[in-house]
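For clarity, every value in this text was computed on a predicted model and none was experimentally measured.
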Amino acid sequence: MINTAIENALPDNSCTISDVRSMVEHHYPNLLGSVYACMAVFGAMALKGRTKPLSLIFETASGYGKTATLQMVFPTPESGLKKFVYRSDKFTPKAFVSHAASVSTEDLSGIDLLPKLENKVLVTKELAPILRGREEELKENFSTLISVLDGKGFTSDSGMRGQRGYDKPLLFNWIGATTPLPASTHRLMAQLGTRLLFFEVPAVEPTEDELLAYAERNDAGTAEIECQDVVNRFLSEFFERHPIGSLAPDDLPISDERLRSLVRWAMLLVHGRAEVKFEKEPSSEWKPVAAGQAEGPFKVILYFKDLARGHALIHGRTEVTDPDVAFIAEVALSSLPGHLRPIVRELRRSGTADVPTCARLCQVSRTTVRKYFEEMAILGIAALSKGSPQSNEADSLAISDSYGWLRP
């Protein structure tokens, strides 16, 4: 077990999670949960026996802090964090193993991205080149990512270079950022299989007075520097205490009750992001009619266990506790397709959901929300009650019995 006395008796000059919390809350109060999520991915690197890379993608509209969160883990020259981070602001999956014709055969291995990532966290500010584009490009990108994120290395063949790659386990973790993804991207990921988890950065709309106060300040640069410094220092000291791969999972036990919660969230996620199939009606409207087979939950359960333990570790805990499970719940909800996410959150908050409320939450028309409701019913997450046009009743949803544990 982790020595609790050591955890609770750090040197006086050590940087603690309380120091991180104080600094981030001072400058970016809405980003504290996102910073903890980012640090949890680093914390999971200390676990022994991991077999699959963790990927956590921060998603929100432009200007709400996803890049600010990632910048806190950009290595500063004095922190020593560089040995644990590989920063690549923008890349394509072809960079993992190159077949570039313009590079000599003997130099190709020097430009391959994959071996440079071993035992590090890849940090990518902009994922648009990977998660957006034409369908054929996206299919190629996801097929490569699926292989790389299985953690068993990656080999590929081309007419120019033959087979190149790495036929051995190569573990790393990955954090990145993107603006909200369209439903078409989620459908494609569902078809091909996905290894990506997401974390929704809160898009908290500031008031006019808050914006005025922000405009009057001149410390934006100071805020970035101070938060980057404290997070860098914390993570550097963390890895001094807990080197990569040094802690057995049993060192951070998960109770049966909390493990059941992780399993439930994994089941919700895999069923919630199953592909929904559509058919065109005589009116030329597309109607959801069936759900494809959901992905197996086994990988997601492993991801959730590693993330929960990483979250516990960065908080100095010796076991997974309720706040760590709450963090996993947020990851599960954030990893659902974006158009269904607000509806599931409303169901979790109220137990039921109606068309007017969800039209407002999803920022779409009531006609569109009714289709979302049909998707939710097809996926088995909620039971749909059709309203009566004669009595002016709107359609409504209630959590299905299979997910009764979601009820408030």
Exercise. Do Glu346 and Arg349 pass the salt bridge (charged side-chain N to carboxylate O under 4.0 Å, His left out) test, and can you show the C-alpha distance, the side-chain angles, and the key distance before you say yes or no?
Worked result: CA-CA 5 Å; Glu346 176 64 12; Arg349 186 184 71 83; 3.0 Å; yes

Problem set entry | Side-chain touch Leu70/Thr67, heavy atoms, less than 4.5 angstrom | no

For this session: Would you check, one step at a time, whether the test side-chain contact (heavy atoms from CB on, under 4.5 Å) holds for Phe172 with Leu149?
Result: CA-CA 9 Å; Phe172 64 98; Leu149 293 175; 4.0 Å; yes

For this session: Would you please test Asp150 and Ser147 for side-chain hydrogen bond (donor to acceptor under 3.5 Å, both in side chains) and show each step?
Result: CA-CA 5 Å; Asp150 274 337; Ser147 294; 5.7 Å; no

For this session: State whether the side chain of Asn232 and the backbone N or O of Gln228 hold a donor-acceptor pair below 3.5 Å, judged by distance alone.
Result: yes

Exercise. When rounded to the nearest 0.5 angstrom, what distance separates CG in Leu114 from CG in Leu170?
Worked result: 4.5 Å

For this session: Would you kindly say whether Arg132 and Thr178 are connected by a side-chain donor-acceptor distance under 3.5 Å?
Result: yes

Exercise. Listed by chain and number, what are the side-chain contact (heavy atoms from CB on, under 4.5 Å) partners of Ser158, not counting sequence neighbours?
Worked result: His99, Met160, Arg161

Exercise. When you measure from the side chain of Thr69 to the backbone N and O of Gly65, does any donor-acceptor pair fall under 3.5 Å?
Worked result: yes

Exercise. Looking only at side chains, do Thr16 and Asp19 share a donor and an acceptor under 3.5 Å apart?
Worked result: yes

Exercise. More than 12 foreign heavy atoms under 6.0 Å from CD of Glu279: is that the case here?
Worked result: no

For this session: Report yes or no: does His242 contribute a side-chain atom to a donor-acceptor pair with the main-chain N or O of Phe238 at less than 3.5 Å?
Result: no

Exercise. Is there a donor-acceptor pair closer than 3.5 Å between any side-chain N or O of Ser143 and the backbone N or O of Lys139?
Worked result: yes

Problem set entry | Close side-chain approach of Ile254 to Glu319, heavy-atom, < 4.5 Å | no

Seminar exercise, completed: Applying side-chain hydrogen bond (donor to acceptor under 3.5 Å, both in side chains) to Asp256 and not counting sequence neighbours gives none

Problem set entry | Backbone N/O of Leu127 and side chain of Thr124: donor-acceptor pair under 3.5 Å | no

Problem set entry | Partners meeting side-chain contact (heavy atoms from CB on, under 4.5 Å) with Glu78 (sequence neighbours left out) | Thr76, Asp229

Seminar exercise, completed: Correct closest heavy-atom pair for Pro356 and Arg366 would be CB-NH2, 3.6 Å

All N/O donor-acceptor pairs, side-chain side in residues 27-39, below 3.5 Å, sequence neighbours left out:
{"from": "His27", "atom 1": "NE2", "to": "Glu226", "atom 2": "OE1", "distance (Å)": "2.7"}

Problem set entry | Verdict with reasoning, Glu59 to Thr179, per side-chain contact (heavy atoms from CB on, under 4.5 Å) | CA-CA 5 Å; Glu59 182 185 63; Thr179 50; over 6 Å; no

Exercise. Sub-3.5 Å donor-acceptor pair from the side chain of Arg407 to the main-chain atoms of Ile399, do we have one?
Worked result: yes

Seminar exercise, completed: Contacts of Ser402 meeting side-chain hydrogen bond (donor to acceptor under 3.5 Å, both in side chains) (sequence neighbours excluded), chain-then-number -> none

Exercise. Partners of Glu137 by side-chain hydrogen bond (donor to acceptor under 3.5 Å, both in side chains), sequence neighbours excluded?
Worked result: Arg134

Problem set entry | Closest non-hydrogen atom pair, Ala61 against Lys66 | O-NZ, 3.5 Å

Problem set entry | Separation between SG of Cys227 and CE of Met72, rounded to the nearest 0.5 Å | 4.0 Å

Exercise. Short question: side chain of Ser98, backbone of Lys94 - any donor-acceptor pair under 3.5 Å?
Worked result: no

Got a list of side-chain donor-acceptor pairs under 3.5 Å for residues 41-56, not counting sequence neighbours?
{"from": "Arg50", "atom 1": "NH2", "to": "Lys52", "atom 2": "O", "distance (Å)": "3.4"}
{"from": "Arg50", "atom 1": "NH2", "to": "Asn173", "atom 2": "OD1", "distance (Å)": "2.4"}
{"from": "Ser55", "atom 1": "OG", "to": "Arg195", "atom 2": "O", "distance (Å)": "2.8"}

Problem set entry | Main-chain N/O of His311 paired to His315 side chain as donor or acceptor, under 3.5 Å | yes

For this session: Grab the two heavy atoms, one from Pro408 and one from Ser350, that are nearest each other, plus how far apart they are.
Result: CG-C, 3.8 Å

Exercise. So do Pro129 and Lys90 actually touch side chain to side chain, heavy atoms under 4.5 Å?
Worked result: yes

Exercise. Which of these passes ring pair (Phe, Tyr, Trp, His ring centres under 6.0 Å) with Phe96: Phe154, Trp174, Phe91?
Worked result: Phe91

Problem set entry | Of all pairs that satisfy side-chain hydrogen bond (donor to acceptor under 3.5 Å, both in side chains), the ones with a partner from residues 370-382, not counting sequence neighbours | Glu285-Lys371, Lys287-Glu374, His339-Glu375, Glu374-Lys386

Problem set entry | Non-hydrogen side-chain atoms of Glu200 and Arg341 separated by less than 4.5 Å | yes

Exercise. Is the Phe198 to Phe58 ring centre distance short of 6.0 Å?
Worked result: no

Problem set entry | Check: Arg87 and Val73 side chains under 4.5 Å, non-hydrogen atoms | no

Problem set entry | Any side-chain heavy-atom pair of Pro323 and Arg317 under 4.5 Å | yes

Problem set entry | Pairs satisfying ring pair (Phe, Tyr, Trp, His ring centres under 6.0 Å), at least one member in residues 64-85, at least two apart | Phe84-Phe239

For this session: Step by step, work out the side-chain contact (heavy atoms from CB on, under 4.5 Å) result for Ile175 and Ile57.
Result: CA-CA 6 Å; Ile175 53 176; Ile57 310 305; over 6 Å; no

Let me have the donor-acceptor pairs involving side chains of residues 290-309, under 3.5 Å, with sequence neighbours excluded, atom names and distances please.
{"from": "Glu295", "atom 1": "OE2", "to": "Arg273", "atom 2": "NE", "distance (Å)": "2.7"}
{"from": "Glu295", "atom 1": "OE2", "to": "Arg273", "atom 2": "NH2", "distance (Å)": "3.3"}
{"from": "Arg309", "atom 1": "NE", "to": "Pro249", "atom 2": "O", "distance (Å)": "3.2"}
{"from": "Arg309", "atom 1": "NE", "to": "Leu252", "atom 2": "O", "distance (Å)": "2.8"}
{"from": "Arg309", "atom 1": "NH2", "to": "Pro249", "atom 2": "O", "distance (Å)": "3.4"}
{"from": "Arg309", "atom 1": "NH2", "to": "Leu252", "atom 2": "O", "distance (Å)": "3.4"}

Exercise. Are side-chain heavy atoms of Pro115 and Asp112 found at a separation under 4.5 Å?
Worked result: yes

For this session: Compute whether any side-chain donor of one residue and acceptor of the other, for Ser365 and Thr368, lie under 3.5 angstrom apart.
Result: yes

Problem set entry | 4.5 Å side-chain heavy-atom contact, Ile343 and Cys362 | yes

Exercise. side-chain contact (heavy atoms from CB on, under 4.5 Å) between Leu131 and Leu196: does it pass, once the steps are laid out?
Worked result: CA-CA 11 Å; Leu131 302 179; Leu196 304 180; 4.0 Å; yes

Exercise. Which heavy atom in Leu336 sits nearest to a heavy atom in Leu268, and how many Å separate them?
Worked result: CD2-O, 4.0 Å

Exercise. Under the 3.5 angstrom rule, does the side chain of Glu118 hit a backbone N or O of Leu171 as a donor-acceptor pair?
Worked result: no

Atom pairs and distances, side-chain donor-acceptor, residues 376-383, under 3.5 Å, sequence neighbours left out:
none

Seminar exercise, completed: dist Leu235:CG -> Glu240:CD (nearest 0.5 Å) comes out at 11.5 Å

Seminar exercise, completed: Residue set satisfying side-chain hydrogen bond (donor to acceptor under 3.5 Å, both in side chains) with Ser246, at least two apart, ordered chain then number -> none

Exercise. Does the Ser334 side chain pair with the main chain of Phe199, one donor and one acceptor, at a distance under 3.5 Å?
Worked result: no

